[in-house]
There are 2 protein chains.
Amino acid sequence: MAQTPPPTIADVARRAGVSKGLVSFALNDRPGVAPDTRRRILEAASDLGWTPNLRARSLSTGRSFACGLVVGRSTDVIAADPFFHSLIAGLEDVFATSGQVLVLAVATPGRQEAATYRSLAGDRRVDGVVLTDLRAGDERIALVQGLGLAAVTLGRPDVDSPFSSVSVDDGAGIRRAVEHLARLGHRRIAHVAGPSTMLHGQRRSDAFSSSAAEAGLEPIVVATDFSAAEGAEATRRLLAAEDRPTAIVYSNDHMAVAGLGVAQRLGLRVPDDLSITGFDDTDLGRHLHPALTSVATDARAWGRAAAQALLDTLSGAPESHIHLAEPTLVVRESTGPAPDHPRG
Amino acid sequence: MAQTPPPTIADVARRAGVSKGLVSFALNDRPGVAPDTRRRILEAASDLGWTPNLRARSLSTGRSFACGLVVGRSTDVIAADPFFHSLIAGLEDVFATSGQVLVLAVATPGRQEAATYRSLAGDRRVDGVVLTDLRAGDERIALVQGLGLAAVTLGRPDVDSPFSSVSVDDGAGIRRAVEHLARLGHRRIAHVAGPSTMLHGQRRSDAFSSSAAEAGLEPIVVATDFSAAEGAEATRRLLAAEDRPTAIVYSNDHMAVAGLGVAQRLGLRVPDDLSITGFDDTDLGRHLHPALTSVATDARAWGRAAAQALLDTLSGAPESHIHLAEPTLVVRESTGPAPDHPRG
DNA sequence: GCCGCCGACTAAACCGCTTTAGGTTTGAAC
DNA sequence: GTTCAAACCTAAAGCGGTTTAGTCGGCGGC
């Protein structure tokens, strides 16, 4: 059962009766090979079942044929956020079909985020990275640029960036949620936001404030770290207030679920006493009781677009900035007419 | 801002006044280098800020310094299962500190599972893979072996396997849940199981049946695909039955949450009318109302152990079979005394 | 009929590291 | 004072591709 070593281009060359160099030309579709010879070479290659040795190719071309995704230090972030899985699936949709591979690096307690990028770049593990969860004044932009990596950002950074970006107007999603609630007669609507240091957290929060203002409402905003625990805590505070809100717009589904738990625990009926909206349209949301009204973004499409943009960059395309379709609001059972304000 | 090319061992050799070969020996802690020379070489390397070029090393050693995790075809599987994130974090804990990298491959519609393994191996992308979600008669064992990859399995396969394994006795977790419920007086306990084609699904199901039998109960089992949707459907069927169960043991938290939704929708109070247990002890579970009683396995530790076992295999250690600590039952609010059977 | 040019192809260098086969000291043994 | 082995080190040959410099033959132009 001795594994015979896989054929190399030298074997192909021998079989086709040409030199190694010419084989390389033929296999890479480069000009300067007679049509007949090219055919012979390709035939020899397929006869032998030749497949390129990526390691060798990597060494001579200086490319890794791999892209990286670094997940921030808190594993809970990824564990809690189904968004990531859809994103990853989208990235893979594109990478898999173009011979790239996805390197997933989790910043661990022993190796912080910056070090992770450094090691990825230092070891020339990846040709580029996908930057998610952009932060205010995000240092990763400069870091990654300094490391000589290509990159694509999910959303547009607030600092100078040489990288392509793929954005979703999640603000529009929040806006829809607010409009939906206002239409149902809610006058006191609160927002349980993500951290203001995260660009998308801030963007959603801003969208909330401005659309609330447009509807003539006073915006009530509580910032959290996006975790279920803080979502629950924020909800407790909001509902304990004297003049408690009749609707809460959460910045993600997990917090909405936790908030729902808190409300029920306090004896409030959803949506009769309190309306709730989530963000991400998690699978779980539709199975809750009441089923969760949520803003749906197409994370997988986002991943696909980001991967494609990164590949384009790697093959020399100029910087681009893509905007994807606006998110939609999926109305289910967790939102209803404001109390004392039957739908007219 | 021209990036000066990173130093190579040739630069180090020149600076230390020795040959390339000796530098390689010194840097790899191999015998045959005079202590003084070794010191000089290491000094030269650190002066120059030399760092090994993994691509070159890969080519000459034939190793990738990367391990792979292939996620089955359904992206929902990963999206739905927080288990994966903890697992991945655990894998990374070990890989990151040993210069390995994790390649995550998602089998996409255009590239099925087997093809994914084939391409990973064909491109020599990884040195080994982690096999999760073992199935009955799992063909991946033979496939991976045939591809010449190293591997470690999560749990012990039911087919001949040359690979090391790391197991958790999840059956014991289910057993604890059943005992807990039996102690609370429940006599009709149902199990919403995973697919019987998945080894851990089957194992949990078996554990349920046997421990129910030991408690003198008739085991009621409904198989699902582990998804929230099927968990909800199974629950509906169980609760519609004439002689409906007073407690349901779910094979994962997601189905338990969905089941909770169904029960509430039917007007049943949990735990007064129906007790519910989950599996995985998801973060979300503790924020629900009622908070979910669940079996907690340490997925991260599992990942760490698996990664270590794989690295051991790669460095020539013999096959090993590790058993981790038994899972525990975290009792919260979703379980209570059986109806008409006050705790005594 | 000679020159020059172009297309097709070969030979060899190169990417940066590992590893093997030798070569040179050194020093102890006889 | 040889002899030999051990210790230390060098040179060079890989690993399997890509790429560059250059060779060769044939053809058109004058």
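In what follows, chains carry the letters A, B, and so on, assigned in the order in which the sequence lines appear, proteins first and then strands, with residues in each chain numbered from 1.
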Contact span of DNA chain C against chain A, any nucleotide atom under 4.0 Å from a heavy atom, 5' to 3', runs C:dA8 to C:dG16
With a non-hydrogen cut-off below 4.0 angstrom, is B:Thr8 in contact with a base, only sugar-phosphate, or nothing? sugar-phosphate
How would you label the contact of B:Val23 with the nucleic acid (heavy atoms, under 4.0 Å): base, sugar-phosphate, or nothing? nothing
When you match B:Thr61 and B:Thr37 each to their closest nucleotide on DNA chain D, which lands nearer the 5' end? B:Thr37
Quick one: on DNA chain D, does A:Arg55 or A:Gly21 contact a more 5' nucleotide (nearest heavy atom)? A:Arg55
Rounded to whole angstrom units, what separation is found between the [atom1] atom of [X] and the [atom2] atom of [N]?
X       : N      : atom1 : atom2 : answer
B:Phe65 : D:dC15 : CZ    : C1'   : 13 Å
A:Phe25 : D:dT18 : CZ    : C1'   : 8 Å
B:Arg39 : D:dC8  : CZ    : P     : 15 Å
A:Arg63 : D:dG17 : CZ    : P     : 17 Å
B:Ile9  : D:dA11 : CD1   : P     : 14 Å
B:Arg57 : D:dG14 : CZ    : C1'   : 17 Å
A:Leu59 : D:dT18 : CG    : P     : 11 Å
B:Lys20 : D:dT10 : NZ    : P     : 13 Å

Presence of B:Arg38 side-chain N/O under 4.0 Å of D:dC8 phosphate oxygens OP1/OP2: no
Examine D:dT18: is either OP1 or OP2 under 4.0 Å from a nitrogen or oxygen in the side chain of A:Ser60? Give yes or no. no
Side-chain ([X]) to main-chain ([Y]) donor-acceptor, under 3.5 angstrom:
X        : Y        : answer
A:Asp127 : A:Arg63  : no
A:Arg118 : A:Glu113 : no
A:Ser24  : A:Lys20  : no
A:Arg38  : A:Arg30  : yes

Answer whether the closest heavy-atom distance between the side chains of B:Phe95 and B:Leu311 falls below 4.5 Å. yes
Using heavy atoms to find the nearest nucleotide of DNA chain C for B:Trp50 and A:Arg40 separately, return the residue whose nucleotide is more 5′. A:Arg40
Given DNA chain C, 5'-ward residue of the pair B:Arg30 and B:Ala56, judged by closest heavy atom: B:Ala56
Whether the A:Arg55 and B:Ser64 side chains hold a donor-acceptor pair (N or O, under 3.5 Å, no angle test) is what I'd like checked. yes
Give the C-alpha distance, both sets of side-chain angles, the deciding distance and a yes or no for salt bridge (charged side-chain N to carboxylate O under 4.0 Å, His left out) between A:Asp298 and A:Arg300. CA-CA 5 Å; A:Asp298 190 346; A:Arg300 187 158 186 168; over 6 Å; no
